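Below: the structure, in structure tokens.
This is a predicted model, so every value here is computed, not measured.
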Amino acid sequence: PMSSMLRVASISRSRGSIGWHGRYRNSLWRTSSSWNWNDSRIVDDRSATSDAAPSTAPDAAIQKQVLDTCANLHSSIMPLNEKLRGPLAKNSDQNTALPLVFLVGNHSSGKSSFVNFIMGRNVQTAGVAPTDDNFTVIAPGPEDIDQDGPALIGDPDMGFGALRQFGPTLIHHTQLKVRKDVASSNFMLVDSPGMIDSPVSSQEMDRGYDFKGVVKYFADRADVVLLFFDPDKPGTTGETLSVLLHSLGGMDHKLLIVLNKADQFKKIHDFARAYGSLCWNLSKVIPRKDLPRIYTMCLPVKESSPAIDNNGLADLHQTRNDVVAEVMKAPKRRIDNVITHLNDSVHLLLMHAKIVQETNRLYSARVWECRMQEGGCLVTGMGLTALGVYTSLPVEFTGGVIAATVLGVGGLSWFNRTKMAAVERQLVSAEELSASFQRTHAREVSEADEFTASLWQRIRDPLRMSLQSLGLANTPTVSQADLNQLHDILEKEIPALRRLASPSHFGSKQRDTECS
């Protein structure tokens with residue numbers, strides 16, 4: 001019965017998933033004696049099987065071409081982002097030296113044990129109580145070396161320099177472990193501190209740095225993200241749910257939810273209670289009727305007898321193999337993730353630029369309206385003054401006209417400045433910015449485009465803060481050439497990169513061209 005329940009819990013297992021066999025270990029790239037983090041060689045883990053079908057993954061030359069092109073295109077849009085104070089974070093165009101797998105979850109949920117299992121050697125200290133409060137980067141190398149946070153973040157080749165923005169506390173709670181003779185040498189892992197609720201009745205646990213921001217930083221750059229839960233705390237830790245909601249939102253394509261240590265269940269109702277509790281808690285932060293797949297698995301334990309029968313263990317081991325297979329795909333996922341990141345960045349910046357352009361247009365129209373009023377008043381006064389001089393009217397009349405003109409223009413100028421301040425507050429209000437979004441994206445709004453709506457939700461608050469801090473009078477103009485550049489990347493460059501990176505199939509234009 002226990003094995004049947006576990007099979008039911010493995011929701012919609014993908015067909016043809018590859019188990020973790022010896023070919024993964026044998027085909028991984030080994031680092032050379034020269035320690036070069038920028039080596040772009042990424043090996044297809046299926047290449048070791050000679051009788052397997054020909055690989056459809058792009059070769060190393062195409063991979064390097066795609067990565068270099070994405071880096072150049074991303075760098076080309078950063079000046080516009082800086083000019084407009086756009087939504088893209090500083091150094092967001094910089095990738096880590098190797099593909100990245102990020103582990104996050106409750107304390108004692110098996111993250112460190114999973115790291116040791118993947119690496120094939122003891123790298124992290126595992127235990128029931130919290131054993132480490134650092135973000136630990138585990139990387140392959142020619143020898144065993146440990147480095148502290150300042151050395152890791154200061155390394156220009158590793159790609160973690162942007163972590164400085166989170167302050168010195170985070171820097172000193174980060175470390176690098178380089179290990180030789182590991183089972184997986186073509187990607188890095190990041191083990192995070194276990195999440196736990198504070199005994200003090202506060203909504204946020206004070207770690208001395210923005211923990212959710214750091215998790216989002218690593219998750220954004222990761223190619224695979226594993227969120228671990230364990231039977232004792234199946235989603236009941238408030239900090240875990242908060243991280244899932246605020247730091248891991250929009251990352252469903254690379255997020256795996258893992259219920260680990262499932263071999264500890266002795267009774268069916270214990271498993272059902274834990275699994276149901278996890279689903280219930282996840283439903284609070286995942287705004288969908290259907291929950292993502294939950295990988296129910298366990299790691300091998302030598303010196304303890306299993307609490308469930310062999311059939312149930314086989315099911316857990318197969319699920320673990322599925323998780324390991326996804327982790328081993330990190331180098332291949334890097335290509336797709338880099339293109340997706342570029343596509344996402346360009347879409348965000350394009351929407352930001354369009355709304356800035358629309359807001360500038362409305363503001364400039366109001367400014368010219370005020371200037372026309374002031375100019376009309378001035379021209380009228382000068383005309384009356386010239387008429388008085390020409391017709392030899394009394395000096396008192398001419399002087400009165402001049403005084404009235406000066407006072408009128410000055411008073412109108414003061415009134416217009418006050419009015420423009422109110423106009424600016426109105427234009428940068430949430431309501432008016434939403435109206436500008438609806439005008440600039442009328443077609444998408446009419447078609448109820450969910451992707452466009454999600455982009456707007458992401459940039460709305462940062463855009464408003466940017467316009468308020470700059471002031472509309474100082475906001476740079478957006479030229480049509482700037483918009484054309486972004487459109488060209490979306491409509492020409494990114495589709496070309498997708499064709500390069502995608503496996504050949506009978507519907508691809510690349511294959512059609514080659515065949516012709």
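In Arg460, the CZ atom is crowded: over 12 heavy atoms of neighbouring residues, nucleotides or ligands sit closer than 6.0 Å. In the displayed structure, Glu447 atom CD is contacted under 6.0 Å by more than 12 heavy atoms of other residues, nucleotides or ligands.
In terms of heavy-atom proximity, Val428 sits nearest to Leu433 at O-CD1, 3.7 Å. Across all non-hydrogen atoms, the minimal contact from Thr296 to Ala262 is CG2-CB, 3.5 Å. Considering all non-hydrogen atoms of both residues, Pro331 and Pro99 come closest at CA-CG, 3.6 Å. What you find for Ala139 and Leu176 is that their closest heavy atoms are CB-CD1, 4.2 Å. Minimum interatomic distance between Leu472 and Thr359 (heavy atoms only, all atoms of both residues): CD2-CG2, 3.8 Å. The nearest pair of heavy atoms linking Val66 to Leu497 is CA-CD2, 4.2 Å.
Atom CZ of Arg443 sits about 10.0 Å away from atom CG of Asp449, to the nearest 0.5 Å. Going from atom CG of Asp322 over to atom CD of Gln318 covers 5.0 Å, rounded to the nearest 0.5 Å. Put simply, NZ on Lys332 and CD1 on Ile335 are 11.5 Å apart, with the number rounded to the nearest 0.5 Å. To the nearest 0.5 Å, atom CG of residue Leu500 and atom CD of residue Gln65 are 5.0 Å apart. Put simply, CG on Leu163 and CD1 on Ile153 are 4.5 Å apart, with the number rounded to the nearest 0.5 Å. Here the straight-line distance linking atom CH2 of Trp456 with atom CD of Gln438 works out to 9.0 Å at 0.5 Å rounding.
Distance alone, capped at 3.5 Å, is enough to place a donor-acceptor pair between the Lys254 side chain and the Ala222 backbone. Listed for the Asn72 side chain is a donor-acceptor partner under 3.5 Å among the backbone atoms of Asp68. Between the side chain of Ser283 and the backbone N or O of Trp280, at least one donor-acceptor pair lies under 3.5 Å. Side chain of Asn484 to main chain of Gln480: a donor-acceptor pair is present (N/O by atom type, distance under 3.5 Å, no hydrogens or angles). Checking side-chain atoms of Ser109 against main-chain N and O of Gly105 turns up no donor-acceptor pair under 3.5 Å. Between the side chain of Asn81 and the backbone N or O of Leu88, at least one donor-acceptor pair lies under 3.5 Å. Using modelled atom types, no side-chain atom of His352 and backbone atom of Leu348 make a donor-acceptor pair closer than 3.5 Å. No donor-acceptor pair closer than 3.5 Å links the side chain of Ser466 to the backbone N or O of Pro462. Gln165 places a side-chain N or O within donor-acceptor distance of the main-chain N or O of Ala162, the cut-off being under 3.5 Å. At least one donor-acceptor pair under 3.5 Å links the side chain of His347 to the backbone N or O of Asn343.
With respect to Asp230 and Lys111, no salt bridge is recorded, no charged nitrogen being found less than 4.0 Å from a carboxylate O. Of the charged side-chain nitrogens involved, at least one lies within less than 4.0 Å of a carboxylate oxygen, so that Arg458 and Asp344 count as a salt-bridged pair. Taking a cutoff of 4.0 Å between a charged side-chain nitrogen and a carboxylate oxygen, Lys216 and Asp220 qualify as a salt bridge. With salt bridges taken as basic N to acidic carboxylate O contacts below 4.0 Å, none links Glu424 and Arg366.
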Apply side-chain contact (heavy atoms from CB on, under 4.5 Å) to residues Lys419 and Glu369 and explain how you reach the verdict. CA-CA 11 Å; Lys419 184 175 73 171; Glu369 179 183 335; 4.3 Å; yes
May I have the step-by-step check of side-chain contact (heavy atoms from CB on, under 4.5 Å) for Leu282 and Ile257, ending in yes or no? CA-CA 10 Å; Leu282 290 178; Ile257 299 177; 4.1 Å; yes
Test side-chain contact (heavy atoms from CB on, under 4.5 Å) on Met297 and Asn260; report intermediate values, then the result. CA-CA 5 Å; Met297 55 165 267; Asn260 198 19; 3.5 Å; yes
Please assess Val423 against Leu427 for the test side-chain contact (heavy atoms from CB on, under 4.5 Å), listing each intermediate value before the final yes or no. CA-CA 6 Å; Val423 167; Leu427 289 177; 3.8 Å; yes
Can Asn337 and Thr340 be said to form a side-chain hydrogen bond (donor to acceptor under 3.5 Å, both in side chains), step by step? CA-CA 5 Å; Asn337 288 339; Thr340 300; 5.1 Å; no
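No side-chain heavy atom of Leu259 sits less than 4.5 Å from a side-chain heavy atom of Tyr295. No side-chain heavy atom of Met188 sits under 4.5 Å from any side-chain heavy atom of Ile138. In this structure, the side chains of Ser345 and His341 come closer than 4.5 Å at one or more pairs of heavy atoms. When side chains are defined from C-beta on, Gln357 counts as touching Leu483, because their heavy atoms get closer than 4.5 Å. Phe437 has its side chain out of reach of Lys354: every pair of non-hydrogen atoms, C-beta onward, lies at least 4.5 Å apart. The shortest distance between side-chain heavy atoms of Val224 and Lys329 does not fall below 4.5 Å. The closest side-chain heavy-atom distance from Thr136 to Val190 is not below 4.5 Å. Annotation: side chain of Arg425 is not in contact with side chain of Gln468 (no heavy-atom distance under 4.5 Å).
Thr96 and Arg334 share a donor-acceptor pair across their side chains, judged by distance under 3.5 Å alone. A donor-acceptor contact under 3.5 angstrom links the side chains of Arg439 and Ser436, judged on distance only. Inspection of the Ser242 and Lys212 side chains reveals an N or O donor paired with an N or O acceptor under 3.5 Å. Ser277 and Arg273 share no side-chain donor-acceptor pair at under 3.5 Å.
For Tyr209 and Phe166, the ring centers sit 6.0 Å or farther from each other.
Using cut-offs of 30° and 60° on the angle between ring planes, the pair Phe160 and Tyr217 is tilted. Ring orientation note: the planes of Phe135 and Phe102 are close to parallel, at an angle under 30° on the 30°/60° scale.
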